[in-house]
Amino acid sequence: MAKKYWLMKCEPAAYTIADLKRDGTTSWEGVRNYQARNFMRDEMHVGDAVLFYASNADPSGVTGLATIARAGYPDQFSWKKGHKYFDAASSKEKPLWYMVDLAFKKQFDGTVSLATLKNTPGLEDMVVTRRGSRLSVQPVTKAEYDIVVRLGSKLQSARR
DNA sequence: GCCAACGTTGGC
DNA sequence: GCCAACGTTGGC
């Protein structure tokens with residue numbers, strides 16, 4: 001199974017790369033979009049690389065790296081009555097939604113902002129740079145991943 | 001806080 | 001199966 005590359009969005013108010021650094025691993029529940037679910041359920045595998053993207057942030061952008069620690073498994077919060085991720089259409093017997101676990105890899109010393117992504121040659125086709133792109137789990141190519149990693153590392157050396 | 005873009009729902 | 005209405009996302 002070839003290693004795959006992903007971008008996963010989260011609002012800083014909910015979870016940040018610093019939180020992931022502290023926790024080591026985290027579960028990624030609450031995704032309620034079919035396209036994103038299909039990626040998590042069918043295509044993510046342990047060891048896949050993840051760009052951690054902070055949305056609705058100042059600025060929004062990639063703040064670090066993670067890896068998939070556990071492949072897609074049913075989102076048990078979806079059948080917990082009263083939970084904020086409850087969905088009556090989902091049950092333990094017939095799960096509708098799926099989640100994965102992430103492991104911390106690296107925190108950038110800053111943010112590779114969306115503006116930077118948009119201005120970087122080679123990233124023109126990234127899903128996140130497209131107008132109106134709301135998908136919270138997106139595939140990226142290895143080339144795109146490598147470019148973002150380089151941009152993130154440069155952030156760190158520039159600071160010192 | 002605004003609002004454009006998007007996904008989902010539901011009436012017909 | 002169409003499409004208007006609605007709720008949500010997310011950049012600015």
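In what follows, chains carry the letters A, B, and so on, assigned in the order in which the sequence lines appear, proteins first and then strands, with residues in each chain numbered from 1.
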Looking at A:K142 and A:D146, is there a salt bridge between them, counting it only when a charged N and a carboxylate O are closer than 4.0 Å? yes
Starting at the 5' end of nucleotides 2-11 of chain B, put B wherever the base has a protein heavy atom under 4.0 Å, S where only the sugar-phosphate does, and a dash everywhere else. ---BB-S---
Connecting only ILVMFWY residues whose side-chain heavy atoms lie within less than 4.5 Å of each other, what is the rest of A:Y98's hydrophobic cluster? none
Could you tell me whether A:D75 and A:R32 have a side-chain N and a carboxylate O separated by less than 4.0 Å? yes
Do side-chain atoms of A:T120 reach the backbone of A:T116 as a donor and acceptor pair under 3.5 angstrom? yes
Applying the side chain to side chain contact (heavy atoms under 4.5 Å, CB included) test to A:M8, which of A:L51, A:V31, A:V137 qualifies? A:V137
